[in-house]
2 protein chains.
Amino acid sequence: MKKKTTIYDIAEKLNLTAATVSRALNNNPKISEKTRELVQATAIEMNYEQNTLARALKSGKSFNVGVIVPRMDSNFFASVIRGIEEELYPKGYHVIVCQTHDQEELETGNIMSLLNAQVDGILMSISNSKTKNKIFNSLSQKRVPLIFFDRKKDISGVSSVTIDDYNGSYLATKHLIEQGCKRIAHLSNDRSLEIFKNRYLGYKQAIIDHGLEFDEDLVIETFSKVAEGRKVAKQLLNLASPPDAIFSSSDFTALGAIQEIKEQGFKIPEDISVVGFSNEPFTRFMELSITSVDQSPIEMGRKAAKVFLEEVDAKDSKKNPQQIVLQPELIVRKSSLKTNLEAI
Amino acid sequence: MKKKTTIYDIAEKLNLTAATVSRALNNNPKISEKTRELVQATAIEMNYEQNTLARALKSGKSFNVGVIVPRMDSNFFASVIRGIEEELYPKGYHVIVCQTHDQEELETGNIMSLLNAQVDGILMSISNSKTKNKIFNSLSQKRVPLIFFDRKKDISGVSSVTIDDYNGSYLATKHLIEQGCKRIAHLSNDRSLEIFKNRYLGYKQAIIDHGLEFDEDLVIETFSKVAEGRKVAKQLLNLASPPDAIFSSSDFTALGAIQEIKEQGFKIPEDISVVGFSNEPFTRFMELSITSVDQSPIEMGRKAAKVFLEEVDAKDSKKNPQQIVLQPELIVRKSSLKTNLEAI
DNA sequence: TTGTAAGCGTTATCAA
DNA sequence: TTGATAACGCTTACAA
C-alpha cells in the first residue's frame with residue numbers, strides 16, 4: 001500500500017519539524033510567510049491529505065455529526081437532511097444519517113452508536129415512541145450538543161427548530177371553513193409528540209373561532225400510513241352524521257382517506273374536502289392533487305445546522321438554548337378547492 | 001466535563017496495565033479467565049466505552065463506510081441503504097450517506113470527502129453524468145474497497161451488485177405483448193449507464209422475439225422526472241401512428257406519461273397500457289395503480305455490504321471481484337392489466 | 001520564527 | 001499470563 005503522506009514526510013523533505021509544518025498548514029500566525037507558502041506548495045506537490053482521525057483524536061472532535069430521523073425516504077426528512085448538508089459540508093463536517101423506523105430501541109441504539117462514533121453533535125427528530133429522557137441526559141453530560149428539529153421534546157437546555165404547527169393547522173382548517181365545510185374531521189397522531197398536539201389544538205381553535213361546533217368524535221388518533229388513512233376514513237363515513245371535510249396531520253393518511261372516500265362513491269372536494277400536512281411530492285402529482293401544509297424542510301435543516309455550529313463553538317460557556325419556529329405555508333390544491341362556491 | 005473512562009482508569013483501579021485491560025476487553029486468548037472477567041465487569045461498572053477514534057487511528061480503519069446515492073428520498077435507494085445498514089451495523093460499522101443529486105461535481109466531491117473522512121470502503125450507485133475514471137483509480141490506489149450497486153461502471157477489479165435489468169425489461173415488455181399491445185414505446189434514459197442500456201436492450205429483444213416490428217421512433221431518451229414523462233408522452237401521442245403501450249425505464253416518467261395520457265382523454269389500460277420500473281410505493285397507491293418491475297433493493301443492499309466485508313477482510317491478498325446479478329420481479333397492476341382480452 | 005516534546009486512547013511487540 | 005513501551009498522525013505548550 002502506497003503510504004499516505006504525513007506532515008513528517010513534508011517536514012523531512014523541507015528540513016523542518018512536524019510542528020512547523022502543522023502550523024503552516026493551519027495558517028497559524030506564528031510562522032513566516034515564506035515557510036508557509038513553501039510548506040503549502042510542497043504539501044500539494046506531495047499529495048498530502050490531513051488525517052482527520054488523528055486531528056479528531058487530538059482535538060476530541062470527529063467532525064462528524066449524527067442526524068437521526070424516523071425515516072429518510074420521506075421527502076420531508078430527506079429535504080431537512082439536504083439543508084443540514086448544505087450548511088455543514090462547507091465547514092468540514094460530515095453527516096451520518098441513521099433511521100429509527102419509529103422504534104424506540106433503534107432510537108436509543110442509534111444515539112449510543114453515534115456517541116460511540118464520537119459525533120460532535122446530534123440533530124434529531126424524535127420518534128413516536130416515548131424515548132426515555134435518560135438517554136438525552138447522558139448526551140448533555142457528555143457535552144454533545146443535541147438539537148431537535150420538527151419533532152421535539154421539551155428538555156431544558158436543548159435547542160429546537162420547528163414549524164408553527166398550530167398555525168399551519170389553523171390555516172388549513174380556516175381554509176376548509178371558508179370553502180363552506182361545516183363538519184371537519186381531524187386525523188391526529190400520537191399527541192404526546194408536540195407536533196401532533198399542536199396540529200390538534202390549531203384545528204380545534206379554528207373550529208371554535210369560526211363559530212362551528214367542536215365535536216370530539218370527529219378527531220381520530222391514528223398513525224402516518226396510507227392503510228391507516230383508509231381504515232379511519234371508513235370509520236368516519238359510517239358515522240350517523242359523517243364529516244364534509246377531513247384535515248389530516250399527515251399526507252399519507254390523507255391519501256388513504258381519499259382512496260376510501262372515492263371508493264365509496266363520494267366526490268372530492270364537492271362531498272368531502274381533504275387537506276394533508278407536509279407537502280410531500282405526491283400531493284402535487286396525484287390526479288386529484290392534495291391541499292397540504294408546506295414545512296420548508298430545507299430551511300429547517302439549515303437553521304438546525306446553524307444552531308449546532310453555534311453550540312459546538314460555544315464550548316464550555318453557558319448555553320443559550322434557542323427555540324426557532326418557522327412559519328408554514330398552506331398550498332391549496334384540488335382536494336379542497338370548490339370552484340363553484342354554491343356549497344356555502 | 002466528566003472525563004470518559006479509558007482503559008488506563010480501569011488498569012489503575014485494578015492494579016493492571018492498559019495493555020492487559022485492552023487484551024481482556026478484546027477477548028485476546030493470552031489472558032487468564034479470571035482477569036478477563038474482572039476487567040469486563042469493572043469496565044461495565046465504570047461505564048467504559050471504547051474510543052473508536054483511537055482504535056481507528058491505530059488500526060488505520062475508521063469503521064465507517066460511505067454510501068453514495070443519486071438521492072436518498074427515493075424508496076429504491078432508501079431501501080438499499082436499509083439493507084446495507086442491516087448487514088453492517090452488527091459488524092460495528094457506521095454508514096455515512098451522501099447524495100450526488102446526479103451532479104458530477106458532487107459525485108467527485110463526495111468521494112473525496114469520504115476518503116478524507118477515512119472511510120473503510122465506498123458503496124455507490126453512480127450518477128447519470130460521466131464521472132471520470134480517474135477518481136475511481138485513486139480509490140483503488142488507496143486500497144479502499146469500492147462496490148457498485150444498481151448503477152455501475154465497468155472498471156476492472158471492482159465488484160458490483162445489480163439486477164438483471166435486461167430480463168426485467170424483457171418480462172415487462174413480454175407482459176405488454178401478452179396483453180395484446182402491438183406498438184410499445186420505450187421511455188429510455190442515459191444509455192451510457194448500463195442499467196438503461198440493458199433495459200433498452202431487453203425491451204428491444206422482447207419486441208423482436210415476439211414478431212413485432214421494432215420501431216426506433218418509439219424509443220425516447222429522457223430522464224427520471226415526472227414532468228419529463230408528461231413532455232415525452234405528448235410527443236408520442238402526436239405521432240402519426242401513436243403507441244398502444246408505454247414501457248418506461250422509470251416509475252417517475254411513467255407517472256408523468258399517465259397524467260398526460262389521461263389528460264388527453266385516452267383510457268388506461270384500454271387505449272394505452274403503461275409499465276414503469278422500480279416499484280416505487282406510489283405505483284401501488286395511485287388510484288390507477290402502476291405495473292412496475294421490483295428490484296429487491298433491500299437484498300441488493302445486503303449483498304453489496306457482504307461483498308464489502310469480504311473485500312475489506314481480504315487485505316492485501318489478490319481481490320476476486322464479484323459481479324452479482326439479482327433477478328427482478330414484475331408486479332402487474334391496473335395500468336397494464338386488461339381484464340377483458342377482446343383488445344387482442 | 002522555529003524546534004522539542006508531550007499527549008490524545010488504543011493496540012502490538014517484545015520482554016519478563 | 002502480564003507488563004513496559006512504542007507507535008498511529010496530529011496539535012500545542014514551552015523552550016530556544
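So that the names make sense, note that chain A is the first sequence line, chain B the second, and so on, each numbered from 1. These numbers come from a predicted model, not from an experiment.
- B:L57 comes within 4.0 angstrom of a nucleotide base, judged by non-hydrogen atoms across all strands.
- Residue contacts for B:I7: at a heavy-atom cut-off of 4.0 Å it reaches a base atom on one of the strands shown.
- Judged by distance alone with a 3.5 Å cut-off, a donor-acceptor contact links the side chain of B:K58 to the base of D:dA7.
- Checked against C:dC8, C:dG9, C:dT2, the side chain of B:N51 finds its nearest nucleotide in C:dG9.
- Without hydrogens or angle criteria, B:E107 side chain to B:S127 main chain gives a donor-acceptor distance under 3.5 Å.
- Picking from C:dT1, C:dG3, D:dT2 the nucleotide with the shortest atom distance to the side chain of B:T20 gives D:dT2.
- Looking at heavy-atom distances under 4.0 Å, B:S22 makes contact with a base.
- Only one option out of A:V80, A:I163, A:I324, A:L326 pairs with A:E299 in a side-chain contact (heavy atoms from CB on, under 4.5 Å); it is A:L326.
- Residue contacts for A:N28: at a heavy-atom cut-off of 4.0 Å it reaches no nucleic acid atom on any strand shown.
- Using a 4.0 Å heavy-atom criterion, one finds that A:T17 contacts the bases of the nucleic acid, with or without backbone contacts as well.
- Rounding to whole angstrom units, CD of residue A:E49 and P of D:dC8 are separated by 19 Å.
- The backbone N or O of B:N28 sits nowhere less than 3.5 Å from a side-chain atom of B:N26 that would complete a donor-acceptor pair.
- You'll find that the side chain of A:T6 is closest to D:dC10, out of D:dT11, C:dT10, D:dC10.
- Between B:F136 and B:F148, the gap from one ring centroid to the other is short of 6.0 Å.
- Residue contacts for B:S59: at a heavy-atom cut-off of 4.0 Å it reaches no nucleic acid atom on any strand shown.
- On a pure distance criterion of 3.5 Å, a polar donor-acceptor pair joins the side chain of A:Y8 and the base of D:dC10.
- Side chain of A:K30, nearest nucleotide from C:dT10, C:dT1, D:dT2: C:dT1.
- Among C:dT10, D:dG9, C:dT1, the nucleotide with an atom closest to any side-chain atom of B:R55 is C:dT10.
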